[in-house]
J.: 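To start, I am sharing the structure in question, which I have written as structure tokens.
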Amino acid sequence: MRRKNHLRLCAFMIFGASAFLALGFTLGRNTGEITPATIDSAAELIGLTFSTSEKDSMLNALNTQRDNFEILRQTKLDNSVAPALIFNPLPQGFFPDQAQETLDWGLDETVTLPAEEKDIAYLTVYQLAVLIKNKQISSERLTQIYLNRIKTYSDTLQSLITLLEKPALAKAQAMDAELAAGKYRGPLHGIPYGIKDLLAVKGTKTTWGANPYKDQVVDETATVVEKLEEAGGVLVGKFTLGALAMGDVWYGGVTKNPWNLKQGSSGSSAGSASAVSAGLVPFAIGTETLGSIVSPSTRNGVTGLRPTYGRVSKHGAMALSWSMDKIGPISRSALDNAIVLSVINGMDEKDASSIPAAFNYSVENEVKELKVGYFKSFFEGDRPNIKNDQAVLEVLKNQGFELHPLELKPSINPAPIANMLLVEGAAAFDELTRLDLDDQLVAQHRNAWPNIFRSARFIPAVEYVQMSRQRTLLIQEMHALMKDYDVIVTPSFAGQQLQITNLTGHPALCLPNGFGENGSPTSITLLANLFEEEKLIMLGRLIQENTDWQSKRPPMFDR
């Protein structure tokens with residue numbers, strides 16, 4: 001028995017139009033709030049109703065346009081072809097700084113090499129960089145440590161899709177040879193890493209976590225991976241993602257949270273966050289459209305950076321929503337993420353949505369001069385884990401910061417605008433839907449991709465344009481709010497900030513801040529204005545240098 005409804009059935013067409021037209025999440029029905037739990041099973045949709053005449057009109061219009069649509073589809077399009085976007089993430093009159101300065105990470109001259117391999121595996125990128133530069137450890141040995149941990153633990157976590165052992169060891173040996181010859185590429189020289197398996201790597205399969213694509217081979221390498229390779233990074237594996245970038249369920253199972261194997265790792269950057277948390281790699285690349293870096297970083301107790309929309313090229317990445325997708329690092333520290341961002345940052349002629357912008361970080365910049373705000377009402381009440389969030393404010397106060405209270409109350413409700421994601425996702429996977437290949441996806445429930453993609457076809461083009469226009473106003477309002485502050489501190493999932501900032505393209509740094517009553521990690525989020533990620537790193541680094549939340553290890557994998 002088929003588990004999903006089909007567009008060709010009139011009953012489904014009526015049901016889809018009435019039940020699935022507007023995007024929301026489980027708690028978002030009333031508050032618009034997004035949490036890791038709702039992202040896991042993302043997208044319980046808000047229902048609208050239509051009169052009989054409206055339903056008849058919709059069906060007649062679909063029949064009338066069927067031939068026209070077939071003419072359009074005579075031109076074959078693959079997932080990488082982006083539309084000519086009407087969405088512009090830059091507020092009127094705003095242009096990012098393009099004057100790149102010399103980066104100064106402020107790394108230690110020396111780092112003590114731990115005696116045990118498990119302790120080496122849990123070092124940060126910035127510590128490993130010093131060890132490799134000083135030749136205290138070879139890239140080959142370091143790579144072998146992580147390969148061994150991947151082979152030992154990835155099946156338990158269900159976090160790995162492709163192990164790249166031979167090419168990884170060959171690259172590590174080459175990096176060691178270069179270093180011996182006096183060539184040093186920078187802090188990522190010889191550092192192993194992993195990527196979310198929606199990034200193409202020539203000669204490997206790129207599965208997108210979905211059964212219809214589990215044998216797909218894309219004949220190119222994503223720009224992000226090319227930049228990391230050029231910087232000396234050693235790619236050891238391609239990690240899982242929730243199928244087509246939703247949740248933590250992929251064609252091979254459910255990726256696990258290393259802190260609680262009965263719990264999924266959240267998504268959709270499920271494998272990337274799980275692998276970093278369990279010490280399988282020091283950093284990994286994730287992507288976010290509506291929470292897919294922030295949510296798994298929270299669940300797995302790691303540090304995730306969602307860059308400004310357009311800062312990092314999406315060329316070679318699976319598209320879900322061309323106007324909302326972002327690529328960023330997941331690691332053990334804010335500084336690690338800054339080092340990775342400095343490499344993957346930059347305009348790419350292969351990605352029309354990429355925007356030229358400098359990333360200027362220096363340890364000499366005075367963090368205490370940052371003007372820091374916080375969303376006051378989000379830190380009040382008896383919300384779960386609120387004490388963990390309040391503890392971060394106390395850390396900042398103890399460091400001498402004056403915290404400025406403010407509220408996030410835009411005049412525009414972001415929840416309906418998020419329908420843009422549905423429309424773009426349905427367009428990106430149009431062929432999957434029309435050829436009934438979505439039957440092969442594991443998840444077939446009401447709010448899974450097969451029904452979402454089909455129902456999104458009923459969202460009128462006029463409404464999509466109107467959503468985009470409202471989104472422009474939302475961007476302007478968020479920019480007006482952010483321009484008076486360097487960083488704003490917010491609970492990661494309070495209110496609608498996660499929806500808003502994903503729609504407006506603002507950057508976010510998600511940091512561990514303790515554990516909930518169920519033993520799973522919690523997080524705090526720092527926000528900055530467009531293309532001001534260096535301010536997030538400055539404050540995030542200060543927080544992490546004065547706390548130990550990010551240094552905790554899941555006991556089952558601390559061996």
Side-chain angles (χ1 to χ4, degrees), residues 5-10 12-24 43 45-89 244-245 289-290 309 314 318-325 352-353 412-435 438 447 449-476 499 502-505:
N5 301 303
H6 287 273
L7 185 62
R8 61 178 175 269
L9 299 177
C10 291
F12 172 80
M13 297 169 76
I14 303 300
F15 177 73
S18 62
F20 292 115
L21 193 58
L23 174 66
L45 306 178
I46 302 169
L48 300 179
T49 58
F50 295 86
S51 67
T52 300
S53 61
E54 287 173 328
K55 296 171 187 175
D56 291 341
S57 296
M58 290 171 65
L59 292 173
N60 289 336
L62 285 172
N63 289 329
T64 300
Q65 294 299 329
R66 184 178 300 155
D67 291 341
N68 289 335
F69 293 154
E70 289 306 318
I71 292 172
L72 287 174
R73 292 183 183 121
Q74 289 175 11
T75 300
K76 176 76 171 178
L77 296 175
D78 64 38
N79 182 270
S80 66
V81 179
L85 299 175
I86 59 174
F87 168 63
N88 184 348
L244 307 184
T289 306
L290 196 62
Y309 175 86
K314 298 186 289 293
M318 184 204 90
L320 177 62
S321 171
W322 293 282
S323 73
M324 291 180 68
D325 295 341
S353 68
I412 296 170
N413 184 350
I417 304 175
N419 278 290
M420 295 180 72
L421 190 164
L422 297 190
V423 176
E424 293 180 26
F429 292 99
D430 175 50
E431 187 174 78
L432 179 86
T433 301
R434 289 186 294 106
L435 298 182
D438 51 355
N447 300 324
W449 281 137
N451 285 322
I452 291 174
F453 289 156
R454 290 169 184 271
S455 59
R457 304 172 84 91
F458 292 92
I459 297 175
V462 170
E463 300 307 330
Y464 178 86
V465 173
Q466 300 292 42
M467 286 185 281
S468 185
R469 296 174 70 202
Q470 290 196 38
R471 186 177 181 184
T472 299
L473 297 177
L474 188 63
I475 290 169
Q476 299 285 4
Q499 273 184 318
N502 267 290
L503 285 165
T504 61

J.: Rounded to the nearest 0.5 Å, what's the gap from OH on Tyr309 to OG on Ser353? Could you check?
T.: 3.5 Å
J.: CD of Gln470 to CD of Glu463: how many Å apart, nearest 0.5 Å?
T.: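 Going from CD on Gln470 over to CD on Glu463, the span is 9.5 Å.
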J.: Go through Ile417 and Ile412 one step at a time and tell me if the side-chain contact (heavy atoms from CB on, under 4.5 Å) criterion holds.
T.: CA-CA 9 Å; Ile417 304 175; Ile412 296 170; 3.6 Å; yes
J.: OG of Ser468 to CG of Asn419: how many Å apart, nearest 0.5 Å?
T.: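 Ser468 OG to Asn419 CG: 13.0 Å, rounded to 0.5 Å.
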J.: Pair Thr504, Arg471 - check side chain to side chain donor-acceptor pair (under 3.5 Å), show working.
T.: CA-CA 7 Å; Thr504 61; Arg471 186 177 181 184; over 6 Å; no
J.: To the nearest 0.5 Å, what is the distance between CE on Met318 and CG on Asp325?
T.: 7.0 Å
J.: Shortest non-hydrogen contact from Ala418 to Gln499?
T.: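 Of all heavy-atom pairs spanning Ala418 and Gln499, the closest is CB-NE2, 4.5 Å.
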J.: Are Leu432 and Phe453 close enough that some pair of their side-chain heavy atoms sits under 4.5 Å apart?
T.: yes
J.: Please find the pair of heavy atoms, one from Leu422 and one from Ala456, that lie closest to each other, and give the distance.
T.: O-CB, 3.5 Å
J.: For the pair Asn451 (side chain) and Asn447 (backbone), establish whether a donor and an acceptor sit closer than 3.5 Å, ignoring hydrogens and angles.
T.: no
J.: Say you draw a straight line from CG of Asn502 to CE of Met324; how long is it, rounded to the nearest 0.5 Å?
T.: 5.5 Å
J.: Taking it one step at a time, do Leu244 and Phe429 satisfy side-chain contact (heavy atoms from CB on, under 4.5 Å)?
T.: CA-CA 9 Å; Leu244 307 184; Phe429 292 99; 3.7 Å; yes
J.: Determine, step by step, whether Trp322 and Val81 satisfy the side-chain contact (heavy atoms from CB on, under 4.5 Å) criterion, reporting the C-alpha distance in whole Å, the side-chain angles of both residues, the deciding distance to 0.1 Å, and the verdict.
T.: CA-CA 9 Å; Trp322 293 282; Val81 179; over 6 Å; no
J.: Donor-acceptor pair, Asn79 side chain versus Ala319 backbone, under 3.5 Å?
T.: yes
J.: Can you name the closest pair of heavy atoms from Ala415 and Asn413 and give their distance?
T.: N-OD1, 3.0 Å
J.: Can you give me the closest heavy-atom contact between Thr433 and Arg454, atom names plus distance?
T.: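 Heavy-atom minimum between the residues: O-NH2, 3.0 Å.
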J.: Looking only at non-hydrogen atoms, find the nearest pair between Leu421 and Thr289 and report the distance.
T.: CD1-CG2, 3.5 Å
J.: Working note: Leu320 + Glu424, criterion side-chain contact (heavy atoms from CB on, under 4.5 Å); need CA distance, chi angles, decisive distance, verdict.
T.: CA-CA 7 Å; Leu320 177 62; Glu424 293 180 26; over 6 Å; no
